[in-house]
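A quick write-up on the structure given underneath.
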There are 2 protein chains.
Amino acid sequence: MVTLEDVARHAGVSLATASRVLNGSTRQVGASLRAKVEQAARQLGYRTNVAAQTLARGASNVIGLVVHDLTDPYFAALADGAMRVAEEQGLMVMVATTHRDPEREIAYVATLNAQRVRAVLLAGSRIANPGVTRRLREELDRYRATGGRIACVGQDLLGADTVAPGNAEGAAELARSLAGLGHRRFAVLAGPPWLITAQDRVSGFTGALAGLGLPAPQLVHGTFDRDGGYRAAAEVTDATCVFAVNDVMAVGALASFRDRGIRVPQDVSVAGFDDIATLRDLVPSLTTVRLPLSDMGARALELALGPSEEAQEPRTERVSGEVVLRGSTRGLTPQG
Amino acid sequence: MVTLEDVARHAGVSLATASRVLNGSTRQVGASLRAKVEQAARQLGYRTNVAAQTLARGASNVIGLVVHDLTDPYFAALADGAMRVAEEQGLMVMVATTHRDPEREIAYVATLNAQRVRAVLLAGSRIANPGVTRRLREELDRYRATGGRIACVGQDLLGADTVAPGNAEGAAELARSLAGLGHRRFAVLAGPPWLITAQDRVSGFTGALAGLGLPAPQLVHGTFDRDGGYRAAAEVTDATCVFAVNDVMAVGALASFRDRGIRVPQDVSVAGFDDIATLRDLVPSLTTVRLPLSDMGARALELALGPSEEAQEPRTERVSGEVVLRGSTRGLTPQG
DNA sequence: GACCTCCTGGAAAACGATTGCCAATCTTGC
DNA sequence: GCAAGATTGGCAATCGTTTTCCAGGAGGTC
């Protein structure tokens with residue numbers, strides 16, 4: 001294991017000089033010594049020991065990213081955006097997946113705190129559970145107290161900088177668009193009642209329908225994934241249009257209808273949310289609300305790394321979704 | 001910033017005792033002191049400084065994972081499997097995405113070496129470029145020389161433990177299955193010529209056709225992603241069955257045919273490779289070769305962490321793919 | 001030529017843990 | 001009741017950097 005001391009000795013300089021040459025420093029080093037050190041480092045195959053560097057500097061070059069599930073393209077896209085920014089800044093990314101277990105989320109924040117990561121990004125919906133949220137906040141506060149930076153993608157519930165997708169607004173806009181196509185009787189595949197992202201999308205959707213004087217939609221709860229959409233779709237009765245609160249659930253719904261011989265969009269229209277890139281080639285192509293996921297991930301990291309602005313209010317940056325009408329929804333004659 | 005020394009003082013014990021209580025040690029500590037230390041740690045909100053721990057122990061609790069692109073579900077599935085094992089072992093995962101740039105891959109290995117990660121997992125196809133491969137090997141050797149462990153998913157080209165999918169064999173088996181359906185004239189959307197995974201799948205496929213006495217397929221090269229499949233499909237002439245060397249390309253091919261009014265499978269059959277979970281709900285559902293991606297990622301990490309078996313030959317573990325015939329391919333009458 | 005400033009190089013003190021060794025106490029077998 | 005052995009606690013060295021401070025030399029000004 002080659003250490004900086006080896007390099008210094010080999011180059012005939014002091015430890016301090018070697019350090020100044022090889023790792024950024026404000027101090028200048030004379031050209032001849034500088035060359036000697038660089039050559040010695042190359043010859044010996046020296047690699048900085050980042051642990052020692054982190055210890056000495058008191059700051060690491062790592063950021064932590066906590067997501068629910070990397071195989072969910074939603075989180076993969078967020079992660080991709082965050083990693084793009086991280087690379088630009090010369091930072092490494094430590095990824096933790098909670099698989100939707102809030103306890104694990106808390107534990108990972110503690111672990112990332114122990115790692116003294118520069119910033120923690122929390123992606124994914126908060127859950128409506130005051131006890132868990134309080135303990136997560138405590139853990140985050142502990143982290144923040146020692147200089148840690150935090151940003152979230154999702155709801156502004158943790159007193160941290162947040163990139164907040166316009167879930168309610170996007171769903172409302174979608175509801176109005178679908179109503180504009182002539183739909184009157186809706187069902188919502190609503191996901192888990194405790195998931196705030198799901199809640200917001202449901203309430204935005206139903207609120208907009210109410211605003212148009214339309215009857216309340218049928219709500220079917222279930223899991224937030226493909227199978228949840230599949231199962232929930234089977235319980236839909238008497239609707240011309242089904243809104244699944246995310247694209248992956250919409251895919252499940254499409255499969256469910258297909259398996260039962262119900263045609264989309266002829267017999268029922270289906271809409272989702274997120275506009276996952278991998279799913280854009282579905283047939284029928286999915287009407288949805290587009291979120292700029294990769295940019296949201298990137299933006300969240302930028303927020304976290306931005307100027308600390310001590311004691312200032314945490315910033316919340318709203319991102320609005322854009323309704324994209326595609327083949328999975330069809331227009332109805334006014335008589336429906 | 002609470003340090004172990006603060007905890008020790010607060011508990012009225014020595015640094016050594018506090019360390020032994022709070023971080024695993026073979027040494028026993030008496031019950032009363034142990035309780036005092038634990039309480040002090042809790043009260044003060046102590047979090048181990050992992051950088052210091054890593055430095056003192058000379059070993060970190062982090063593994064590095066190098067992938068091409070996290071938004072590609074292939075890599076997401078591999079990463080998911082690796083992270084499952086990592087969590088079981090109490091390790092954190094640092095993820096680096098190369099976006100298929102081999103220079104970045106080399107640079108990331110150097111960075112992960114500097115981080116003194118316990119193991120590096122290299123996922124994704126090697127490229128057929130001796131110069132780059134040599135420099136990557138040099139960097140890996142440097143890492144290995146200091147005790148680093150390495151495993152790959154893909155080709156056994158780096159002298160490291162490898163989980164090697166049976167690309168050639170799987171493609172050959174697929175070719176035989178498709179021939180069994182009556183197909184005689186094939187096209188292969190072959191991806192980039194320098195990508196070894198793509199090469200292997202192409203050669204396995206064409207080899208099997210030759211073995212059956214069938215004419216060589218039309219080869220169309222292109223990028224390894226959805227758009228590559230889309231574009232390559234447009235150049236196919238006179239084939240009853242198209243093999244895209246991965247599922248994502250097959251999705252592009254399906255879209256291309258659809259856009260041009262060519263029906264799948266009535267007018268042409270399409271097959272892919274990998275059996276990506278997110279794409280299982282496509283219509284027509286994709287004939288493909290299933291790889292246990294998540295398990296492969298998990299296995300790779302297990303190999304890397306396994307007993308070091310000094311100077312032993314690197315182990316290569318073969319994983320075979322399983323042909324899954326689905327709706328995107330149809331049987332032809334013997335006359336074709 | 002004296003004095004001051006600026007610049008470069010090195011010695012040594014952190015940074016926050018782990019752990020080898022020694023000493024003190026407690027068991028245990030006789 | 002005592003020696004030998006087993007436990008337990010603490011001191012201090014160590015891990016590989018960064019960075020503060022100090023010393024010496026070069027260059028500039030009066």
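Being a predicted model, the structure only gives us computed values, none of them experimental. Residue numbering restarts at 1 for every chain, and letters A, B, ... go by the order of the sequence lines.
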Rounded to whole angstrom units, what separation is found between the CG atom of B:Asn23 and the C1' atom of C:dT19?
13 Å
Of C:dG10, D:dT19, D:dC11, the nucleotide closest to the side chain of A:Val13 is C:dG10
Side chain of A:Thr3, heavy atoms from C-beta onward: which of D:dT19, D:dT8, D:dT17 has the nearest atom to it?
D:dT17
If you check every side-chain atom of B:Met1, which of D:dT19, C:dG16, D:dG10 has the closest atom?
C:dG16
Across the strands shown, which category fits A:Val50 at heavy-atom distances under 4.0 angstrom: base, sugar-phosphate, nothing?
nothing
Taking only N and O in the side chain of A:Asn49, is any of them less than 4.0 Å away from OP1 or OP2 of D:dC15?
no
Pairing of B:Arg142 and B:Glu139 as salt bridge, 4.0 angstrom limit:
yes
Taking only side-chain nitrogens and oxygens of A:Thr17, does any of them come within less than 4.0 Å of OP1 or OP2 of C:dG10?
yes
With ring-ring contact (aromatic ring centres under 6.0 Å, His included) as the test, pick out the partner of A:His68 among A:Phe75, A:Tyr108, A:Tyr74.
A:Phe75
For a quick test of reading the model: is some side-chain N or O of B:Ser19 closer than 4.0 Å to OP1 or OP2 of C:dA17?
no
How about A:His99 and B:Asp80: do any of their side-chain heavy atoms sit closer than 4.5 Å?
yes
Of A:Thr197, A:Thr162, A:Thr316, which is the lone residue that meets side-chain hydrogen bond (donor to acceptor under 3.5 Å, both in side chains) with A:Gln155?
A:Thr197
Whole angstrom is fine here: how far is it from CD in B:Glu5 over to P in C:dA14?
12 Å
Regarding B:Gly30, tell me which of base, sugar-phosphate or nothing describes its non-hydrogen contacts under 4.0 Å with the strands shown.
sugar-phosphate
For the pair made of CZ in A:Arg57 and C1' in C:dA13, what is the distance, rounded to whole Å?
18 Å
When the distance from CZ of B:Arg27 to C1' of D:dG10 is rounded to whole Å, what number comes out?
9 Å
Closest-nucleotide 5' rank along DNA chain D - winner of B:Arg20 and B:Ala52
B:Arg20
Rounded off to whole Å, could you give me the CD-to-P distance for the A:Gln28 and C:dG10 pair?
15 Å
Can you tell which of C:dT8, D:dC11, C:dA17 lies closest to the side chain of B:Ala16?
D:dC11
Audit row: A:Arg84, A:Ser294, side-chain hydrogen bond (donor to acceptor under 3.5 Å, both in side chains) steps and yes/no:
CA-CA 9 Å; A:Arg84 193 177 66 229; A:Ser294 176; 3.0 Å; yes
For B:Asn113 and D:dG16, what is the distance between atoms CG and C1' respectively, to the nearest whole Å?
14 Å
Sugar-phosphate, base or nothing in reach of B:Thr48, heavy atoms under 4.0 Å:
sugar-phosphate
Hey, does the side chain of B:Gln53 come within less than 4.0 Å of C:dT18's phosphate (OP1/OP2), counting only N and O?
yes
Tell me: CG of B:Leu15 to P of D:dA12, nearest whole Å?
12 Å
Roughly how many Å is it from CG in A:Leu4 to C1' in C:dA11, rounded to a whole number?
15 Å
